[in-house]
Amino acid sequence: MNSRFRYAVAGMALVSAVALTAGCGRGEHASSDFKIAVVTRNFTNPYWAALRDGAKAEGARLGVDVAVQAGQSETDADGENAQISTLAAQGYDCFAVVPVNGTNVITPLVPVARKNIPILNLDTQIDAEASKQAGVEYASFIGSDNLAAGRIAAEKMLETLGGTGKVVVLQGIAGEQNGINRDKGFSDAVAGKLEIVQRTPADYEQDKGLTVTEAILKAHPDITGIFAANDTMGLGAAQAIKNAGRTGQIKVISVDGIQAALDAVKAGTLYGTVTQYPYAEGELAVQACLAEHQGKDIPARVVAPIAFIGKDNVEQQIAAFPKPITAFDNPLAGLVHK
(Lines give C-alpha, C1' and ligand atoms only; values in the text may rest on other atoms or scores of the structure.)
Protein backbone atom coordinates (compact mmCIF):
# COMPACT_ATOMS: atom_id res chain seq x y z
CA MET A 1 0.00 0.00 0.00
CA ASN A 2 1.14 3.53 -0.66
CA SER A 3 2.28 5.77 2.17
CA ARG A 4 -0.10 6.24 5.08
CA PHE A 5 -0.39 9.11 7.42
CA ARG A 6 -1.63 9.88 10.85
CA TYR A 7 -4.64 12.17 10.93
CA ALA A 8 -3.57 15.32 12.72
CA VAL A 9 -5.05 16.12 16.10
CA ALA A 10 -7.37 19.05 16.66
CA GLY A 11 -6.89 22.10 14.52
CA MET A 12 -4.40 20.58 12.06
CA ALA A 13 -5.34 20.24 8.42
CA LEU A 14 -5.32 16.96 6.55
CA VAL A 15 -1.93 16.34 4.99
CA SER A 16 -1.28 15.36 1.40
CA ALA A 17 -3.25 18.17 -0.21
CA VAL A 18 -4.18 17.25 -3.74
CA ALA A 19 -3.33 19.63 -6.57
CA LEU A 20 -5.43 19.20 -9.67
CA THR A 21 -3.96 17.28 -12.62
CA ALA A 22 -5.51 17.20 -16.08
CA GLY A 23 -6.15 14.03 -18.08
CA CYS A 24 -5.00 11.55 -15.43
CA GLY A 25 -6.05 8.02 -14.51
CA ARG A 26 -9.53 6.92 -15.46
CA GLY A 27 -10.73 10.46 -16.11
CA GLU A 28 -10.19 12.15 -19.48
CA HIS A 29 -11.00 15.60 -18.06
CA ALA A 30 -9.28 17.71 -15.46
CA SER A 31 -10.04 17.16 -11.80
CA SER A 32 -11.54 20.66 -11.77
CA ASP A 33 -14.30 19.28 -14.00
CA PHE A 34 -14.79 16.20 -11.84
CA LYS A 35 -18.22 16.11 -10.16
CA ILE A 36 -19.09 14.16 -7.01
CA ALA A 37 -22.63 13.51 -5.77
CA VAL A 38 -23.21 12.69 -2.09
CA VAL A 39 -26.65 11.63 -0.86
CA THR A 40 -27.56 11.06 2.78
CA ARG A 41 -30.71 10.69 4.87
CA ASN A 42 -31.46 14.27 5.96
CA PHE A 43 -29.87 17.45 7.22
CA THR A 44 -32.12 17.83 10.25
CA ASN A 45 -29.89 15.44 12.17
CA PRO A 46 -26.64 17.35 12.82
CA TYR A 47 -24.71 14.14 12.19
CA TRP A 48 -25.63 14.09 8.51
CA ALA A 49 -25.21 17.86 8.28
CA ALA A 50 -21.63 17.39 9.51
CA LEU A 51 -21.00 14.73 6.85
CA ARG A 52 -22.29 17.20 4.25
CA ASP A 53 -20.06 19.94 5.60
CA GLY A 54 -16.99 17.71 5.55
CA ALA A 55 -17.60 16.67 1.96
CA LYS A 56 -18.23 20.24 0.81
CA ALA A 57 -15.16 21.56 2.63
CA GLU A 58 -12.90 18.87 1.18
CA GLY A 59 -14.29 19.48 -2.28
CA ALA A 60 -13.53 23.19 -1.94
CA ARG A 61 -10.03 22.43 -0.66
CA LEU A 62 -9.30 20.14 -3.59
CA GLY A 63 -11.10 22.21 -6.22
CA VAL A 64 -13.67 19.49 -6.90
CA ASP A 65 -17.39 20.06 -7.51
CA VAL A 66 -19.33 18.31 -4.70
CA ALA A 67 -23.14 18.30 -4.51
CA VAL A 68 -24.77 16.96 -1.33
CA GLN A 69 -28.47 16.15 -1.21
CA ALA A 70 -30.73 14.33 1.27
CA GLY A 71 -34.22 13.23 2.13
CA GLN A 72 -36.38 14.98 4.71
CA SER A 73 -36.06 12.63 7.69
CA GLU A 74 -34.16 9.63 9.01
CA THR A 75 -36.73 7.28 7.46
CA ASP A 76 -37.43 9.17 4.22
CA ALA A 77 -36.29 6.44 1.84
CA ASP A 78 -38.50 7.73 -0.99
CA GLY A 79 -37.13 11.26 -0.71
CA GLU A 80 -33.55 10.02 -0.64
CA ASN A 81 -34.16 7.76 -3.65
CA ALA A 82 -35.64 10.67 -5.58
CA GLN A 83 -32.50 12.71 -4.95
CA ILE A 84 -30.31 9.88 -6.23
CA SER A 85 -32.42 9.51 -9.38
CA THR A 86 -32.25 13.24 -10.05
CA LEU A 87 -28.47 13.39 -9.61
CA ALA A 88 -28.01 10.24 -11.73
CA ALA A 89 -29.30 12.19 -14.73
CA GLN A 90 -26.98 15.17 -14.19
CA GLY A 91 -23.59 13.82 -15.24
CA TYR A 92 -21.89 13.20 -11.91
CA ASP A 93 -18.68 11.17 -12.05
CA CYS A 94 -18.79 9.52 -8.61
CA PHE A 95 -21.56 8.80 -6.11
CA ALA A 96 -21.30 8.44 -2.34
CA VAL A 97 -24.48 7.26 -0.63
CA VAL A 98 -25.72 6.73 2.94
CA PRO A 99 -28.79 4.45 2.83
CA VAL A 100 -31.83 4.62 5.11
CA ASN A 101 -31.76 0.82 5.30
CA GLY A 102 -29.99 -2.10 3.69
CA THR A 103 -31.83 -2.00 0.37
CA ASN A 104 -33.62 1.30 -0.31
CA VAL A 105 -30.95 2.93 -2.49
CA ILE A 106 -30.20 -0.07 -4.68
CA THR A 107 -32.88 0.50 -7.35
CA PRO A 108 -32.06 4.19 -8.01
CA LEU A 109 -28.37 3.27 -8.16
CA VAL A 110 -28.89 0.74 -10.97
CA PRO A 111 -28.67 3.40 -13.75
CA VAL A 112 -25.50 4.76 -12.12
CA ALA A 113 -23.92 1.29 -12.02
CA ARG A 114 -24.86 0.63 -15.67
CA LYS A 115 -22.85 3.71 -16.67
CA ASN A 116 -19.84 2.31 -14.74
CA ILE A 117 -19.85 5.35 -12.47
CA PRO A 118 -18.04 4.54 -9.19
CA ILE A 119 -20.29 4.28 -6.13
CA LEU A 120 -19.15 4.57 -2.51
CA ASN A 121 -21.25 3.17 0.33
CA LEU A 122 -20.99 5.56 3.29
CA ASP A 123 -21.64 5.04 6.99
CA THR A 124 -24.38 2.37 6.83
CA GLN A 125 -23.79 -0.81 4.86
CA ILE A 126 -25.99 -1.62 1.88
CA ASP A 127 -27.08 -5.25 1.50
CA ALA A 128 -24.36 -6.99 -0.51
CA GLU A 129 -26.46 -9.85 -1.89
CA ALA A 130 -29.35 -7.64 -2.98
CA SER A 131 -26.87 -5.26 -4.61
CA LYS A 132 -25.20 -8.11 -6.48
CA GLN A 133 -28.52 -9.33 -7.81
CA ALA A 134 -29.27 -5.83 -9.08
CA GLY A 135 -25.84 -5.46 -10.67
CA VAL A 136 -24.70 -2.71 -8.31
CA GLU A 137 -21.15 -2.74 -6.94
CA TYR A 138 -19.39 -0.41 -4.52
CA ALA A 139 -15.85 0.85 -4.88
CA SER A 140 -15.48 1.10 -1.10
CA PHE A 141 -17.33 1.20 2.19
CA ILE A 142 -16.37 4.18 4.34
CA GLY A 143 -17.67 4.24 7.88
CA SER A 144 -17.00 3.75 11.56
CA ASP A 145 -16.78 0.45 13.43
CA ASN A 146 -20.20 0.43 15.08
CA LEU A 147 -19.57 -2.75 17.03
CA ALA A 148 -16.58 -0.99 18.57
CA ALA A 149 -18.71 2.09 19.30
CA GLY A 150 -21.18 -0.03 21.25
CA ARG A 151 -18.38 -1.82 23.04
CA ILE A 152 -16.71 1.45 24.07
CA ALA A 153 -20.04 2.74 25.39
CA ALA A 154 -20.46 -0.47 27.37
CA GLU A 155 -17.01 -0.21 28.90
CA LYS A 156 -17.71 3.35 30.03
CA MET A 157 -21.14 2.38 31.36
CA LEU A 158 -19.65 -0.50 33.35
CA GLU A 159 -17.02 1.85 34.71
CA THR A 160 -19.43 4.53 35.87
CA LEU A 161 -21.96 2.05 37.30
CA GLY A 162 -19.34 0.02 39.12
CA GLY A 163 -20.01 -3.07 37.02
CA THR A 164 -23.59 -3.65 38.16
CA GLY A 165 -27.08 -2.26 37.61
CA LYS A 166 -30.13 -2.20 35.35
CA VAL A 167 -29.94 -0.44 31.99
CA VAL A 168 -32.03 0.26 28.91
CA VAL A 169 -31.04 0.35 25.23
CA LEU A 170 -32.66 2.92 22.92
CA GLN A 171 -32.42 1.46 19.44
CA GLY A 172 -32.52 3.32 16.14
CA ILE A 173 -34.58 2.48 13.06
CA ALA A 174 -35.79 -1.11 12.97
CA GLY A 175 -33.55 -3.16 10.68
CA GLU A 176 -30.90 -0.44 10.26
CA GLN A 177 -27.49 -2.10 10.52
CA ASN A 178 -25.57 0.61 12.37
CA GLY A 179 -28.05 0.55 15.24
CA ILE A 180 -28.03 -3.24 15.27
CA ASN A 181 -24.24 -3.29 15.48
CA ARG A 182 -24.12 -0.67 18.24
CA ASP A 183 -26.70 -2.62 20.24
CA LYS A 184 -24.77 -5.85 19.76
CA GLY A 185 -21.43 -4.30 20.70
CA PHE A 186 -22.95 -2.86 23.86
CA SER A 187 -24.97 -5.94 24.81
CA ASP A 188 -22.14 -8.40 24.30
CA ALA A 189 -19.81 -6.31 26.45
CA VAL A 190 -22.23 -5.98 29.39
CA ALA A 191 -23.53 -9.56 29.27
CA GLY A 192 -23.45 -11.17 32.71
CA LYS A 193 -22.67 -7.80 34.34
CA LEU A 194 -25.44 -5.32 33.64
CA GLU A 195 -29.09 -6.32 33.27
CA ILE A 196 -30.73 -4.92 30.15
CA VAL A 197 -34.36 -4.57 31.26
CA GLN A 198 -35.70 -3.11 27.99
CA ARG A 199 -34.76 -2.50 24.38
CA THR A 200 -36.95 -0.15 22.39
CA PRO A 201 -36.62 1.81 19.13
CA ALA A 202 -36.85 5.60 19.00
CA ASP A 203 -36.02 6.03 15.30
CA TYR A 204 -32.93 8.19 15.94
CA GLU A 205 -35.24 11.11 16.82
CA GLN A 206 -34.98 13.37 19.86
CA ASP A 207 -38.71 13.74 20.49
CA LYS A 208 -39.15 9.97 20.42
CA GLY A 209 -36.16 9.54 22.69
CA LEU A 210 -37.89 11.85 25.16
CA THR A 211 -41.32 10.19 25.10
CA VAL A 212 -39.95 6.66 25.10
CA THR A 213 -37.72 7.42 28.08
CA GLU A 214 -40.61 8.99 29.99
CA ALA A 215 -42.48 5.69 29.65
CA ILE A 216 -39.37 3.71 30.59
CA LEU A 217 -38.87 5.69 33.79
CA LYS A 218 -42.39 4.76 34.87
CA ALA A 219 -41.99 1.10 33.95
CA HIS A 220 -38.45 0.75 35.32
CA PRO A 221 -37.85 3.40 37.98
CA ASP A 222 -34.78 1.53 39.25
CA ILE A 223 -32.64 1.79 36.10
CA THR A 224 -29.27 3.48 36.47
CA GLY A 225 -28.14 3.68 32.85
CA ILE A 226 -29.37 4.25 29.29
CA PHE A 227 -27.42 3.48 26.14
CA ALA A 228 -28.81 5.36 23.13
CA ALA A 229 -27.75 4.31 19.63
CA ASN A 230 -27.41 7.96 18.60
CA ASP A 231 -27.05 11.37 20.24
CA THR A 232 -30.43 12.78 19.33
CA MET A 233 -32.19 9.93 21.15
CA GLY A 234 -29.68 10.30 23.98
CA LEU A 235 -30.49 14.00 24.29
CA GLY A 236 -34.18 13.17 24.43
CA ALA A 237 -33.49 10.60 27.16
CA ALA A 238 -31.39 13.11 29.09
CA GLN A 239 -34.22 15.65 28.92
CA ALA A 240 -36.74 13.09 30.24
CA ILE A 241 -34.39 12.28 33.10
CA LYS A 242 -33.92 15.99 33.85
CA ASN A 243 -37.69 16.53 33.79
CA ALA A 244 -38.02 13.73 36.34
CA GLY A 245 -35.44 15.36 38.58
CA ARG A 246 -33.01 12.46 38.20
CA THR A 247 -30.06 14.00 36.39
CA GLY A 248 -26.89 12.31 37.61
CA GLN A 249 -28.79 9.31 38.98
CA ILE A 250 -29.20 7.72 35.55
CA LYS A 251 -26.16 7.80 33.25
CA VAL A 252 -26.82 8.30 29.54
CA ILE A 253 -24.22 7.36 26.94
CA SER A 254 -24.95 7.83 23.26
CA VAL A 255 -23.21 7.71 19.88
CA ASP A 256 -22.29 10.34 17.25
CA GLY A 257 -20.59 13.32 18.90
CA ILE A 258 -22.83 16.10 17.56
CA GLN A 259 -22.36 19.62 18.97
CA ALA A 260 -25.47 19.48 21.16
CA ALA A 261 -24.27 16.23 22.72
CA LEU A 262 -20.88 17.73 23.47
CA ASP A 263 -22.60 20.68 25.15
CA ALA A 264 -24.72 18.24 27.18
CA VAL A 265 -21.62 16.33 28.29
CA LYS A 266 -20.05 19.59 29.40
CA ALA A 267 -23.25 20.51 31.27
CA GLY A 268 -23.40 17.08 32.91
CA THR A 269 -26.79 16.00 31.54
CA LEU A 270 -25.17 13.45 29.23
CA TYR A 271 -22.47 11.22 30.70
CA GLY A 272 -20.66 10.76 27.41
CA THR A 273 -20.83 10.22 23.67
CA VAL A 274 -18.88 7.93 21.37
CA THR A 275 -18.11 10.43 18.64
CA GLN A 276 -17.91 9.08 15.10
CA TYR A 277 -16.69 12.16 13.21
CA PRO A 278 -19.07 12.31 10.24
CA TYR A 279 -17.19 15.39 9.05
CA ALA A 280 -14.18 13.12 8.49
CA GLU A 281 -16.40 10.60 6.66
CA GLY A 282 -17.41 13.37 4.24
CA GLU A 283 -13.76 14.28 3.68
CA LEU A 284 -12.82 10.64 3.12
CA ALA A 285 -15.63 10.20 0.58
CA VAL A 286 -14.27 13.03 -1.56
CA GLN A 287 -10.71 11.72 -1.25
CA ALA A 288 -11.82 8.21 -2.28
CA CYS A 289 -13.76 9.48 -5.31
CA LEU A 290 -10.80 11.56 -6.45
CA ALA A 291 -8.31 8.73 -5.91
CA GLU A 292 -10.49 6.38 -7.96
CA HIS A 293 -10.80 9.02 -10.66
CA GLN A 294 -7.01 9.26 -10.78
CA GLY A 295 -6.77 5.55 -11.50
CA LYS A 296 -5.81 4.32 -8.03
CA ASP A 297 -7.10 1.15 -6.38
CA ILE A 298 -8.87 2.35 -3.27
CA PRO A 299 -9.35 0.08 -0.23
CA ALA A 300 -12.58 -1.90 -0.09
CA ARG A 301 -13.02 -0.73 3.53
CA VAL A 302 -11.98 2.58 5.03
CA VAL A 303 -12.51 2.82 8.79
CA ALA A 304 -13.38 6.31 10.04
CA PRO A 305 -12.21 7.31 13.54
CA ILE A 306 -14.19 7.08 16.79
CA ALA A 307 -13.47 8.25 20.33
CA PHE A 308 -15.24 8.44 23.68
CA ILE A 309 -15.91 11.99 24.79
CA GLY A 310 -16.57 12.54 28.48
CA LYS A 311 -16.02 15.23 31.08
CA ASP A 312 -12.23 14.90 30.86
CA ASN A 313 -11.88 15.68 27.14
CA VAL A 314 -15.13 17.36 26.09
CA GLU A 315 -13.70 20.88 26.11
CA GLN A 316 -10.86 19.73 23.85
CA GLN A 317 -13.38 18.20 21.44
CA ILE A 318 -15.61 21.28 21.49
CA ALA A 319 -12.61 23.42 20.58
CA ALA A 320 -11.66 21.08 17.71
CA PHE A 321 -15.21 20.38 16.48
CA PRO A 322 -15.92 18.99 13.91
CA LYS A 323 -12.36 17.71 13.49
CA PRO A 324 -11.17 14.57 15.31
CA ILE A 325 -9.03 14.84 18.42
CA THR A 326 -7.91 11.25 17.98
CA ALA A 327 -5.27 10.12 15.50
CA PHE A 328 -6.14 7.55 12.85
CA ASP A 329 -4.58 5.96 9.79
CA ASN A 330 -5.99 7.28 6.52
CA PRO A 331 -5.20 4.80 3.71
CA LEU A 332 -6.44 7.24 1.08
CA ALA A 333 -3.89 10.00 1.66
CA GLY A 334 -1.11 8.23 -0.21
CA LEU A 335 -3.38 7.40 -3.14
CA VAL A 336 -4.22 10.88 -4.32
CA HIS A 337 -1.45 12.87 -6.00
CA LYS A 338 -0.56 16.49 -6.48
Side-chain angles (χ1 to χ4, degrees), residues 47 145-174 178-258 260-276 306-315 317:
Y47 185 90
D145 185 337
N146 286 286
L147 285 169
R151 184 169 60 250
I152 290 169
E155 291 167 354
K156 295 298 181 179
M157 187 71 79
L158 285 165
E159 180 182 300
T160 189
L161 298 185
T164 185
K166 295 181 179 180
V167 298
V168 167
V169 175
L170 296 185
Q171 302 167 313
I173 301 167
N178 282 357
I180 291 170
N181 288 349
R182 292 169 193 174
D183 185 351
K184 178 174 172 53
F186 181 86
S187 300
D188 287 352
V190 303
K193 301 167 186 174
L194 301 180
E195 180 185 355
I196 299 176
V197 297
Q198 186 174 339
R199 285 185 177 84
T200 188
D203 294 343
Y204 292 136
E205 296 180 4
Q206 188 163 338
D207 288 346
K208 289 186 179 180
L210 170 62
T211 57
V212 165
T213 301
E214 287 174 339
I216 288 170
L217 295 178
K218 294 176 182 177
H220 303 284
D222 57 344
I223 63 168
T224 53
I226 294 177
F227 170 58
N230 87 332
D231 281 341
T232 50
M233 294 189 300
L235 290 168
Q239 185 61 53
I241 292 167
K242 182 179 180 180
N243 293 347
R246 299 189 63 188
T247 297
Q249 299 173 21
I250 302 173
K251 309 297 185 183
V252 181
I253 297 176
S254 53
V255 179
D256 279 349
I258 63 174
L262 299 178
D263 293 340
V265 172
K266 183 177 180 179
T269 54
L270 197 66
Y271 182 75
T273 177
V274 182
T275 182
Q276 297 213 310
I306 60 175
F308 181 78
I309 305 299
K311 270 285 192 183
D312 60 338
N313 61 355
V314 67
E315 290 190 1
Q317 183 58 77

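If you read the sequence from its start, that first residue is 1, and numbering goes on from there. Basis for what follows: all heavy atoms, side chains included, without hydrogens, waters or symmetry-related copies.
For Asn181 (side chain) and Leu147 (main-chain N/O), no donor-acceptor pair under 3.5 Å exists by modelled atom type. A donor-acceptor pair under 3.5 Å is absent between the side-chain atoms of Asp188 and the main chain of Gly185, judged by distance alone. Thr160 contributes no side-chain N or O that, together with a main-chain N or O of Lys156, makes up a donor-acceptor pair within less than 3.5 Å. Proximity of a side-chain donor or acceptor of Thr211 to a complementary backbone N or O of Lys208 within less than 3.5 Å is detected. The backbone N or O of Thr275 lies less than 3.5 Å from no partner atom in the side chain of Asp231, so there is not a single donor-acceptor pair.
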Inset, instruction - Please report the C-alpha distance between Val197 and Val167 in whole Å, then the side-chain angles of each, then the deciding distance to 0.1 Å, and finally whether the side-chain contact (heavy atoms from CB on, under 4.5 Å) criterion is met. - result: CA-CA 6 Å; Val197 297; Val167 298; over 6 Å; no
Legend entry - Step-by-step side-chain contact (heavy atoms from CB on, under 4.5 Å) determination, Gln239 to Leu235: CA-CA 6 Å; Gln239 185 61 53; Leu235 290 168; over 6 Å; no
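When all heavy atoms of Met233 and Gln171 are compared, the closest pair comes out as SD-O, 3.0 Å.
For Lys166, the side chain to side chain donor-acceptor pair (under 3.5 Å) partners two or more places apart in sequence, or in a different chain, are Asp222.
Considering only heavy atoms from C-beta on, Val252 stays 4.5 Å or farther from Thr213 through its side chain. The closest side-chain heavy-atom distance from Leu217 to Ile223 is below 4.5 Å. In this structure the side chain of Lys218 never reaches within 4.5 angstrom of the side chain of Glu214, judged on heavy atoms.
Atoms CD1 and CD1, from Ile226 and Ile241 in turn, are 4.0 Å apart once rounded to the nearest 0.5 Å. Rounded to the nearest 0.5 Å, atoms NZ (Lys193) and CG (Leu161) are 13.0 Å apart. In this structure, Gln276 CD and Asn178 CG are separated by 7.0 Å, a value rounded to the nearest 0.5 Å.
The side-chain contact (heavy atoms from CB on, under 4.5 Å) test with Arg182 is passed by exactly one of Ile152, Asn146, Val274: Asn146.
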Please set out all donor-acceptor pairs under 3.5 angstrom arising from side-chain atoms of residues 260-272, sequence neighbours excluded.
residue	atom	partner	partner atom	Å
Asp263	OD1	Gln259	NE2	3.3
Thr269	OG1	Ala264	O	3.4

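Listed by first and then second residue, the ring-ring contact (aromatic ring centres under 6.0 Å, His included) pairs that reach into residues 198-249 are Phe186-Phe227, sequence neighbours excluded.
For Asp207, the CG atom is loosely surrounded, since the number of other residues' heavy atoms within 6.0 Å does not exceed 12.
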